[in-house]
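One structure is given below, encoded as structure tokens.
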There are 2 protein chains.
Amino acid sequence: MRAEEMLQTLVAHGYRLTEPRQALLEVIACRPGWFSVRELSEDLGQKKIRVGRATIFRTLNLLVDLGLLERVRGANEVEGYVVTGAGEHHHHLICSRCGRVEELPECPVAERLAELAAERQFQVVSHNLEVYGVCIQCLRQESLEQEK
Amino acid sequence: MRAEEMLQTLVAHGYRLTEPRQALLEVIACRPGWFSVRELSEDLGQKKIRVGRATIFRTLNLLVDLGLLERVRGANEVEGYVVTGAGEHHHHLICSRCGRVEELPECPVAERLAELAAERQFQVVSHNLEVYGVCIQCLRQESLEQEK
DNA sequence: CCTGCTGGTGAGACTAAGTATCAATTGCTA
DNA sequence: TAGCAATTGATACTTAGTCTCACCAGCAGG
Ligand SMILES: [Mn+2]
Ligand SMILES: [Mn+2]
Ligand SMILES: [Zn+2]
Ligand SMILES: [Zn+2]
């Protein structure tokens with residue numbers, strides 16, 4: 001999703017189009033997948049953009065609330081974010097090598113979980129699932145390097 | 001799992017039976033389910049037991065390594081721990097009301113996930129799943145209160 | 001039982017995420 | 001263009017977690 005579209009969503013929800021928000025969205029949109037707040041800050045530093053800590057977190061929370069971002073724990077157990085496409089319930093394949101994120105077309109839990117929970121009379125409200133591994137691009141690159 | 005048994009495991013692995021470790025295990029064993037480091041510290045304060053911050057984290061890490069504890073994110077997005085029974089791959093039903101934790105008898109993801117990942121040529125290495133909701137005890141209590 | 005070696009401890013400094021406060025600023029609207 | 005509310009950023013605070021290093025205490029062997 002491009003920075004432009006995210007800005008439009010902000011406006012559509014009555015939020016102001018401020019300087020820091022534009023800068024942040026610009027940087028976020030460049031990220032190929034999962035990113036931590038630290039990486040975001042580094043990107044900002046690189047581009048010599050100054051945005052206050054508080055504003056970074058405020059904006060991230062805002063974007064999460066609007067469904068433009070999702071909070072996702074990376075492979076390394078570090079907290080981070082991911083640009084989301086759909087607002088609906090879904091899960092991610094997260095590449096531990098490059099951080100790329102793929103969305104699963106369906107929830108692989110739902111069915112079996114409902115049965116298991118029912119057996120134990122547990123009322124499920126929500127769940128989160130994150131899948132870690134290696135994406136096809138990284139796999140290919142790896143095999144190329146091994147051929148050398 | 002009782003404090004006694006955990007101590008035995010420590011000893012069996014060549015770790016010393018120190019004062020702080022005993023105190024910590026005592027307090028951990030009392031917890032009915034999920035707990036945060038904060039809660040643990042509060043419990044210690046209550047019982048007027050002094051254990052250094054570093055030692056708390058060291059011990060928690062140790063217990064995680066030995067498979068006696070698991071790191072689990074609570075319903076409120078707060079990081080925490082859970083006393084585990086089995087060392088094998090499994091998941092939890094976490095009660096958002098009381099923090100109690102139930103272990104699922106099987107992984108509700110494995111099968112369907114393997115198929116979905118294969119389709120996209122993503123090599124799955126691991127996944128984590130946590131389920132939040134309301135346990136049977138809390139449901140009962142709730143309905144009792146509503147009758148009043 | 002004593003003693004030494006070594007594993008373990010705790011104070012304290014440090015990194016980092018995230019929240020709260022509040023005065024100063026800026027986007028927008030009329 | 002003026003004014004007001006939304007937004008910002010400096011700053012202080014909370015909590016998780018790591019690291020260092022001088023000191024301490026379990027425990028094995030004499
Ligand atoms: Mn997504
Ligand atoms: Mn468990
Ligand atoms: Zn990859
Ligand atoms: Zn409960």
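A quick note: this is a predicted structure, and the numbers were derived from the prediction, not measured.
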Inset, instruction - With axes from five pairs an end, tell me the bend angle of the helix from C:dC1-D:dG30 to C:dA30-D:dT1, nearest 10°. - result: 20°

If every non-hydrogen atom of [X] is compared with every non-hydrogen atom of [Y], which pair is closest and at what distance?
X        : Y        : value
A:Cys135 : A:Cys95  : N-SG, 3.5 Å
B:Ala110 : B:Cys107 : N-SG, 3.5 Å
B:Phe35  : B:Val82  : CE2-N, 4.4 Å
A:Val124 : A:Ala117 : CG2-CB, 3.5 Å
B:Glu79  : B:Ser36  : O-CB, 3.8 Å

Legend entry - side chain to side chain contact (heavy atoms under 4.5 Å, CB included) involving B:Gln141 - partner list, sequence neighbours excluded: B:Glu145

Inset, instruction - Name all residues meeting the side chain to side chain contact (heavy atoms under 4.5 Å, CB included) criterion together with B:Glu5; count only those two or more places apart in sequence or in a different chain, and write none if there are none. - result: B:Met1, B:Arg2

Inset, instruction - Answer with yes or no whether the side chains of B:Arg71 and B:Asn61 bring together a donor and an acceptor at under 3.5 Å. - result: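 There is such a pair (donor and acceptor under 3.5 Å, judged by atom type) between the side chains of B:Asn61 and B:Arg71.
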
Sub-3.5 Å pairs of nitrogen or oxygen atoms, protein against nucleotides 20-24 of chain D:
none

Inset, instruction - Provide the full list of side-chain hydrogen bond (donor to acceptor under 3.5 Å, both in side chains) pairs with a residue in residues 115-126 of chain B, sequence neighbours left out, each pair given once. - result: A:Glu102-B:Arg120, B:Arg112-B:Glu115

Inset, instruction - Return each pair, listed once, that meets side-chain hydrogen bond (donor to acceptor under 3.5 Å, both in side chains) where at least one residue sits in residues 13-24 of chain B; pairs must be two or more places apart or across chains. - result: none

Inset, instruction - Can you tell me which residue pairs pass the salt bridge (charged side-chain N to carboxylate O under 4.0 Å, His left out) test with a partner in residues 44-65 of chain B, sequence neighbours excluded? - result: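 Matches after skipping sequence neighbours: none remain.
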
Inset, instruction - Give me the residues of residues 36-52 of chain B where at least one heavy atom lies under 4.0 Å from an atom of DNA chain C, by number, or none. - result: B:Arg50, B:Val51, B:Gly52

Inset, instruction - For the residue pair A:Arg100 and A:Trp34, establish whether any side-chain heavy-atom pair is separated by less than 4.5 Å. - result: no

Legend entry - Any A:Leu40 side-chain heavy atom under 4.5 Å of A:Leu24 side chain: yes

Inset, instruction - Using a 4.0 Å heavy-atom cut-off across all strands, classify B:Phe35 as base, sugar-phosphate, or nothing. - result: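 Nothing, no heavy atom under 4.0 Å.
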
Legend entry - Aromatic ring proximity B:His89/B:His127, centre distance under 6.0 Å: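 Yes - the distance between ring centres of B:His89 and B:His127 falls below the 6.0 Å cut-off.
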
Inset, instruction - Just jot down the side chain to side chain donor-acceptor pair (under 3.5 Å) partners of A:Asp43, sequence neighbours excluded, or say none. - result: A:Arg31

[X] has an atom [atom1]; how far is it from atom [atom2] of [N], in whole Å?
X       : N      : atom1 : atom2 : result
B:Asn61 : D:dA16 : CG    : C1'   : 11 Å
A:Leu62 : D:dT7  : CG    : P     : 8 Å
B:Trp34 : D:dA16 : CH2   : C1'   : 12 Å
A:Arg21 : D:dG9  : CZ    : P     : 11 Å
A:Glu79 : D:dG17 : CD    : P     : 11 Å

Inset, instruction - Please determine if a side-chain N or O atom of A:Arg53 lies less than 4.0 Å away from the OP1 or OP2 oxygen of D:dA10. - result: no

Inset, instruction - Could you tell me from which nucleotide to which nucleotide of DNA chain C, 5' to 3', there is an atom under 4.0 Å from chain A heavy atoms? - result: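 Footprint of chain A along DNA chain C, 5' to 3': C:dA16 to C:dC28.
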
Can you pull every protein N or O that's under 3.5 Å from an N or O on nucleotides 25-29 of chain D?
residue, atom, partner, partner atom, Å
D:dG26, N2, B:Arg16, NH2, 3.2
D:dG26, N3, B:Arg16, NH1, 3.4
D:dC27, OP1, B:Leu17, N, 3.2

Inset, instruction - List for me each residue that meets salt bridge (charged side-chain N to carboxylate O under 4.0 Å, His left out) alongside B:Glu142, sequence neighbours excluded, and say none if there are none. - result: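 Counting only residues at least two positions away or on another chain, B:Glu142 forms a salt bridge (charged side-chain N to carboxylate O under 4.0 Å, His left out) with B:Arg97.
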
